[in-house]
Amino acid sequence: MLITGLLAGCAVQPTAVPAITPQVLRVEISSTLEWLRPEMAECVQPSPGLRLSVQTIALPEQSLNQADLLLRWSDQPVTDGFAFELGEESLAIIVHRDNPLEAMDLSMVKDMYYGQVTIWPGTDNATRDAIHQWVLPADSEAQGLFERVVISNSQVIRTAKIAPTPAAMLEAVMDDPQAIGFLPTRWLDSSVRSIELSNSPVDKLIMPILAVTAAEPTGLTRDWLLCVQERINQQ
């Protein structure tokens, strides 16, 4: 019994493993990229030491003073940090799924938003078939691209309705057979139809998806960004 007691007394006690303090990555994302949230969450799973704190902030209000990483859809030069390109996204002109129109060029879209074309082509009932134009808020990247490329920074018709978010735009066009709108392609589903743009500079409707950090990302942040980049390019 004495020997047993001595051996027990000399046994090595297990060393307590210190708890890992997770790295919290503060992310600001524009509403245009809200579709990216599931991929962002999935890419946290392989890194148990990483946590995300995500806020939806319009691009003009994004700041590296309040966040570690900014996510935006933009082709504008980044002057306030390091830009990491995650992929590309294009803008689509959308209509109700029952709209029979198959294709049009950007000049027709422009005329619809100017109010020069007020009735859907092929119809003659000004009340039933009048075009309902939908736009996004001025601080939306999609709105900026639409104004720059499609309507050449001109004023849209005053009766155009504003959808506060891309999700609201999708719902508005889905519910209105006379509607026309626009969205980044990754927002689209079977509830609406994308119009083919003929004789149009479609490449000008494409912009990169950017992650902006104060310095070149390293460690868990870099691994997370590479995962998000891979998932975007698999879609």
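Since we're looking at a predicted model, the values are computed, not measured.
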Would you find a donor on one side and an acceptor on the other, under 3.5 Å apart, between the side chain of [X] and the backbone of [Y]?
| X | Y | value |
| --- | --- | --- |
| Trp224 | Met40 | yes |
| Trp134 | Met169 | no |
| Arg186 | Ile232 | yes |
| Arg193 | Glu102 | no |

We want to know whether [X] and [Y] form a side-chain donor-acceptor pair, criterion being a heavy-atom distance below 3.5 angstrom.
| X | Y | result |
| --- | --- | --- |
| Glu147 | Ser152 | no |
| Gln62 | Arg72 | yes |
| Glu141 | Thr32 | yes |

Euclidean distance, [Y] [atom2] relative to [X] [atom1], rounded to 0.5 Å:
| X | Y | atom1 | atom2 | result |
| --- | --- | --- | --- | --- |
| Thr221 | Leu25 | OG1 | CG | 4.5 Å |
| Glu42 | Cys227 | CD | SG | 8.0 Å |
| Leu91 | Thr185 | CG | OG1 | 8.5 Å |
| Glu171 | Thr165 | CD | OG1 | 8.5 Å |

Over 60° means perpendicular and under 30° means parallel, so tell me whether Phe146 and Phe182 are parallel, tilted or perpendicular.
parallel
Does the pair Asp75/Arg148 count as a salt bridge with the N-to-O cut at 4.0 Å?
yes
